[in-house]
**Student:** 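Please see the structure below; I have some questions.
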Amino acid sequence: MSLAPKNILAICGSTREVSANLQIIRALEAIAGKAWKLTLYKGLTELPYFNQDVGNEQAPQSVKDFRNAIEGADGVLICTPEYVFSLPGILKNALEWTVSTTVFSDKPAALITASSSGEKAHESLVLVMKTLGVKTSEEACLHIPGVKAKLDAEGRVNSDLLNKQLQQLVDAFNKL
Ligand SMILES: Cc1cc2nc3c(=O)[nH]c(=O)nc-3n(C[C@H](O)[C@H](O)[C@H](O)COP(=O)(O)O)c2cc1C
């Protein structure tokens, strides 16, 4: 008996075309195979700066679309670099738009920070997402330092250890 694929919303904290984080998302998608139907959220750059004066009902369509995309997903995968020892502003801004909602409550989440170093951003990502109420586990969170050295020129993972860690993360995420 084959189970229906899980609808996974992937959010990449980097908007670079040849982003290492995007390549990690694609590697995870390949590992998960038919278990996931992955949708990459492409609207980060369209979200306005968060403004607390804007009530949920008055929120711009881009914000409503973002919230609906999270709400409609079976799980969320966030993969981000660290910028100046923190989360990239564009990702933090998007997350701020969800604070007044329950879209992340009990949502299964895999949380990855892939960067040169990335320790501080990873701590922050896990703290922020737990505060927003996601369901995650230690095995569904992964810090990948030195990410660029772990990808080849075509963007494929060239580290056996990282491949194993990504497989473990997919297994853990599927069990959340
Ligand atoms: C504005 C900026 C700030 C950065 N600050 C950090 C940092 O604090 N820590 C770190 O590990 N890497 C830092 N980096 C390097 C990024 O982590 C690295 O370029 C990463 O591969 C970017 O992810 P991407 O390939 O998915 O775009 C910074 C890069 C930029 C552009």
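Every number for a ligand or one of its atoms is a count from 1 in the order of the listing. Here the structure is a predicted model, which is why all the values come from computation and not from measurement.
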**Student:** Output the list of atoms in ligand 1 that are nearer than 4.0 Å to some heavy atom of S115, sorted by atom number.
**Tutor:**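 Going through ligand 1 atom by atom, the ones under 4.0 Å from S115 are 10 (C), 11 (O), 12 (N), 16 (C), 17 (O).
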**Student:** Taking side chain as C-beta onward, heavy atoms only, is P81 less than 4.5 Å from S14?
**Tutor:**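 The answer is yes, as the side chains (C-beta and beyond) meet within the 4.5 Å cut-off.
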**Student:** Considering non-hydrogen atoms only, spot the tightest contact between L169 and A140 and give its length.
**Tutor:**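 Looking at all heavy atoms of both residues, the shortest contact is CD1-O, 3.5 Å.
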**Student:** Can you list the ligand 1 atoms lying under 4.0 Å from a non-hydrogen atom of N21?
**Tutor:**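 Answer for ligand 1: 23 (O), 24 (P), 26 (O).
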**Student:** Name the closest protein heavy atom to atom 14 (N) of ligand 1, giving the residue it belongs to and the distance to 0.1 Å.
**Tutor:**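 That would be E82 O, 3.4 Å.
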**Student:** Would you say G118 has any N or O atom under 3.5 Å from an N or O of ligand 1, going by distance alone?
**Tutor:**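 N/O-N/O distance under 3.5 Å: yes.
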**Student:** Give the residue, atom name and distance (to 0.1 Å) of the protein heavy atom nearest atom 23 (O) of ligand 1.
**Tutor:**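 Checking every protein heavy atom, the shortest distance to atom 23 (O) of ligand 1 gives P81 CB, 3.3 Å.
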**Student:** Salt bridge check: are E71 and R67 linked by an N-O gap of less than 4.0 Å?
**Tutor:**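 Between R67 and E71 there is no salt bridge, as every charged N stays at least 4.0 Å from the carboxylate O atoms.
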**Student:** For ligand 1, which atoms have a heavy atom of V84 less than 4.0 angstrom away?
**Tutor:**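 Near V84, the atoms of ligand 1 are 3 (C), 4 (C), 5 (N), 6 (C), 7 (C), 8 (O).
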**Student:** Report the nearest protein non-hydrogen atom to atom 8 (O) of ligand 1: residue, atom name, distance rounded to 0.1 Å.
**Tutor:**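 Protein heavy atom at minimum distance: F85 N, 2.8 Å.
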**Student:** Quick one: does A20 get an N or O within less than 3.5 Å of an N or O on ligand 1?
**Tutor:**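 Yes, since at least one N or O of A20 sits under 3.5 Å from an N or O of ligand 1.
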**Student:** Can you name the closest pair of heavy atoms from L151 and A20 and give their distance?
**Tutor:**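 That closest heavy-atom pairing would be CD1-CB, 3.6 Å.
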**Student:** List the closest protein heavy-atom neighbour of atom 19 (O) of ligand 1: residue, atom name, distance to the nearest 0.1 Å.
**Tutor:**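 Answer for atom 19 (O) of ligand 1: K148 NZ, 3.2 Å.
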**Student:** Side chains of W36 and N174: is there a donor and an acceptor less than 3.5 Å apart?
**Tutor:**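 Yes, N174 and W36 have a side-chain donor paired with an acceptor closer than 3.5 Å.
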**Student:** Return the closest protein heavy atom for atom 26 (O) of ligand 1 as residue, atom name and distance.
**Tutor:**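 Looking only at protein heavy atoms, the one closest to atom 26 (O) of ligand 1 is S19 OG, 2.6 Å.
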**Student:** Looking at S117, which atoms of ligand 1 are within less than 4.0 Å of one of its heavy atoms?
**Tutor:**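 So the atoms of ligand 1 that pass are 10 (C), 11 (O).
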**Student:** Any donor and acceptor pair, going by atom type alone, linking the side chain of N56 with main-chain N or O of S100 inside 3.5 Å?
**Tutor:**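 The answer is yes, because a donor-acceptor pair under 3.5 Å joins these two groups.
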**Student:** Please report the closest heavy-atom contact between L38 and R26, naming both atoms and the distance.
**Tutor:**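 Result for this residue pair: CD2-NH1, 3.7 Å.
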**Student:** Determine whether a donor-acceptor pair (N or O, by modelled atom type, separation under 3.5 Å) exists between the side chain of D74 and the backbone of N7.
**Tutor:**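 Between the backbone of N7 and the side chain of D74 there is a qualifying donor-acceptor contact (under 3.5 Å).
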**Student:** Mark up the atoms of ligand 1 that fall under 4.0 Å of a heavy atom belonging to S14, in ascending order.
**Tutor:**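 By the 4.0 Å cutoff, the relevant atoms are 24 (P), 26 (O), 27 (O).
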**Student:** Please write down residue, atom name and distance for the protein heavy atom closest to atom 25 (O) of ligand 1.
**Tutor:**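 Nearest protein contact, heavy atoms only, for atom 25 (O) of ligand 1 is R16 NH2, 2.7 Å.
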**Student:** Which residue holds the protein heavy atom closest to atom 15 (C) of ligand 1, what is that atom called, and what is the gap in Å?
**Tutor:**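 Of every protein heavy atom, S116 OG, 3.5 Å lies nearest to atom 15 (C) of ligand 1.
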**Student:** Check whether K148 reaches the backbone of S115 with its side chain - one donor and one acceptor, N or O, closer than 3.5 Å.
**Tutor:**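 Flag not set: sc K148 to bb S115 has no pair under 3.5 Å.
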**Student:** Give me the residue, atom name and distance of the protein heavy atom closest to atom 2 (C) of ligand 1.
**Tutor:**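 Atom 2 (C) of ligand 1 sits closest to the protein heavy atom Y83 CD2, 3.7 Å.
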**Student:** Between the side chains of Q167 and D171, is a donor N or O closer than 3.5 angstrom to an acceptor N or O?
**Tutor:**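 Result is yes, a qualifying pair exists.
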